[in-house]
Amino acid sequence: RRCPAPITNFLHSGLTEEIVMALNDNLKFETPMPVQMQAWPIIMQGRDLFGIAQTGSGKTVAYLAPMVIHLLQHDFLQPGDGPLVLILAPNR
(Lines give C-alpha, C1' and ligand atoms only; values in the text may rest on other atoms or scores of the structure.)
Protein backbone atom coordinates (compact mmCIF):
# COMPACT_ATOMS: atom_id res chain seq x y z
CA ARG A 1 0.00 0.00 0.00
CA ARG A 2 1.03 3.55 -0.62
CA CYS A 3 1.87 5.90 2.20
CA PRO A 4 -0.65 8.68 2.78
CA ALA A 5 0.38 12.25 2.06
CA PRO A 6 1.77 14.24 4.99
CA ILE A 7 -0.50 16.74 6.71
CA THR A 8 0.39 20.42 7.04
CA ASN A 9 -1.85 21.53 9.90
CA PHE A 10 -3.71 20.20 12.92
CA LEU A 11 -7.10 20.36 11.18
CA HIS A 12 -6.04 17.53 8.88
CA SER A 13 -4.41 15.45 11.62
CA GLY A 14 -7.45 13.40 12.61
CA LEU A 15 -6.83 14.32 16.25
CA THR A 16 -9.71 15.39 18.45
CA GLU A 17 -10.33 19.06 19.12
CA GLU A 18 -9.39 18.55 22.78
CA ILE A 19 -6.00 17.10 21.88
CA VAL A 20 -5.30 19.85 19.35
CA MET A 21 -6.22 22.49 21.95
CA ALA A 22 -3.91 20.84 24.49
CA LEU A 23 -1.06 20.84 21.97
CA ASN A 24 -1.66 24.52 21.22
CA ASP A 25 -2.29 25.73 24.77
CA ASN A 26 0.03 23.55 26.86
CA LEU A 27 2.88 22.71 24.50
CA LYS A 28 2.65 25.88 22.38
CA PHE A 29 2.57 23.90 19.11
CA GLU A 30 1.22 26.13 16.35
CA THR A 31 1.72 23.59 13.58
CA PRO A 32 2.70 19.92 13.63
CA MET A 33 6.41 19.19 13.63
CA PRO A 34 7.80 17.42 10.53
CA VAL A 35 7.81 13.97 12.14
CA GLN A 36 4.16 14.48 13.17
CA MET A 37 3.20 15.63 9.67
CA GLN A 38 4.52 12.35 8.33
CA ALA A 39 3.48 10.04 11.18
CA TRP A 40 -0.12 10.99 11.96
CA PRO A 41 -1.67 10.07 8.60
CA ILE A 42 -0.01 6.65 8.82
CA ILE A 43 -0.86 6.00 12.47
CA MET A 44 -4.46 7.23 12.09
CA GLN A 45 -4.96 4.60 9.36
CA GLY A 46 -4.03 1.94 11.91
CA ARG A 47 -0.77 1.18 10.18
CA ASP A 48 2.52 0.41 11.91
CA LEU A 49 5.18 3.07 12.05
CA PHE A 50 8.81 3.10 13.09
CA GLY A 51 10.20 6.62 13.44
CA ILE A 52 13.78 7.74 13.84
CA ALA A 53 14.53 11.40 14.49
CA GLN A 54 16.60 13.63 16.74
CA THR A 55 15.75 14.36 20.36
CA GLY A 56 13.21 17.19 20.55
CA SER A 57 11.79 16.51 17.09
CA GLY A 58 8.26 15.67 18.30
CA LYS A 59 8.37 11.86 18.12
CA THR A 60 6.77 11.30 21.51
CA VAL A 61 3.74 13.46 20.69
CA ALA A 62 3.59 11.85 17.24
CA TYR A 63 2.96 8.50 18.92
CA LEU A 64 1.08 9.50 22.06
CA ALA A 65 -1.64 11.77 20.60
CA PRO A 66 -3.09 9.05 18.32
CA MET A 67 -2.66 6.52 21.15
CA VAL A 68 -4.90 8.61 23.44
CA ILE A 69 -7.62 8.65 20.77
CA HIS A 70 -7.30 4.87 20.37
CA LEU A 71 -7.62 4.32 24.13
CA LEU A 72 -10.63 6.62 24.47
CA GLN A 73 -12.49 4.74 21.71
CA HIS A 74 -12.34 1.41 23.55
CA ASP A 75 -14.48 0.01 26.32
CA PHE A 76 -12.92 -1.06 29.57
CA LEU A 77 -10.86 -4.23 29.32
CA GLN A 78 -12.22 -7.52 30.56
CA PRO A 79 -10.04 -10.20 32.18
CA GLY A 80 -7.92 -11.76 29.45
CA ASP A 81 -8.17 -8.73 27.14
CA GLY A 82 -5.42 -6.39 26.11
CA PRO A 83 -3.07 -4.78 25.90
CA LEU A 84 -4.51 -1.94 23.84
CA VAL A 85 -1.15 -0.24 23.35
CA LEU A 86 2.48 -1.15 23.81
CA ILE A 87 5.14 1.48 24.40
CA LEU A 88 8.79 0.58 23.97
CA ALA A 89 11.27 3.12 25.25
CA PRO A 90 14.99 2.92 24.60
CA ASN A 91 17.36 2.80 27.53
CA ARG A 92 20.44 4.95 27.18
Quick one: are Trp40 and Val35 in side-chain contact, heavy atoms under 4.5 Å?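 Trp40 does not reach Val35 side chain to side chain.
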Got Arg47 and Pro4 here, is their nearest side-chain heavy-atom distance under 4.5 Å? yes
Can I get a per-line list of side-chain donor-acceptor pairs under 3.5 Å for residues 25-33, giving both atom names and the distance, sequence neighbours left out?
{"residue": "Lys28", "atom": "NZ", "partner": "Asp25", "partner atom": "O", "Å": "2.7"}

Atom pairs and distances, donor-acceptor, side-chain atoms in residues 69-81, under 3.5 Å, two or more places apart:
{"residue": "His70", "atom": "NE2", "partner": "Leu84", "partner atom": "O", "Å": "3.4"}
{"residue": "His74", "atom": "ND1", "partner": "His70", "partner atom": "O", "Å": "2.8"}
{"residue": "Asp81", "atom": "OD2", "partner": "Gln78", "partner atom": "N", "Å": "2.9"}

Testing the basics here: between [X] and [Y], what is the closest heavy-atom pair and its distance to 0.1 Å?
X: Lys59; Y: Gly51; value: CD-O, 4.2 Å
X: Ile43; Y: Ala62; value: CD1-O, 3.4 Å
X: Pro41; Y: Ala5; value: CG-O, 3.4 Å

Looking at Gly58, is its backbone amide N or carbonyl O close enough to the side chain of Gln36 to form a donor-acceptor pair, meaning the two atoms are under 3.5 Å apart? yes
Side-chain heavy atoms under 4.5 angstrom apart, residues restricted to Ile, Leu, Val, Met, Phe, Trp, Tyr: same cluster for Val61 and Met44?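 Cluster IDs for Val61 and Met44 match.
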Rounded to the nearest 0.5 Å, how far does [atom2] of [Y] lie from [atom1] of [X]?
X: Gln38; Y: Cys3; atom1: CD; atom2: SG; result: 8.5 Å
X: Asn24; Y: Phe10; atom1: CG; atom2: CZ; result: 5.5 Å
X: Met21; Y: Leu15; atom1: CE; atom2: CG; result: 13.5 Å

Of all residues at least two apart in sequence or in a different chain, which pass the side-chain contact (heavy atoms from CB on, under 4.5 Å) check with Leu64? Thr60, Met67, Ile87
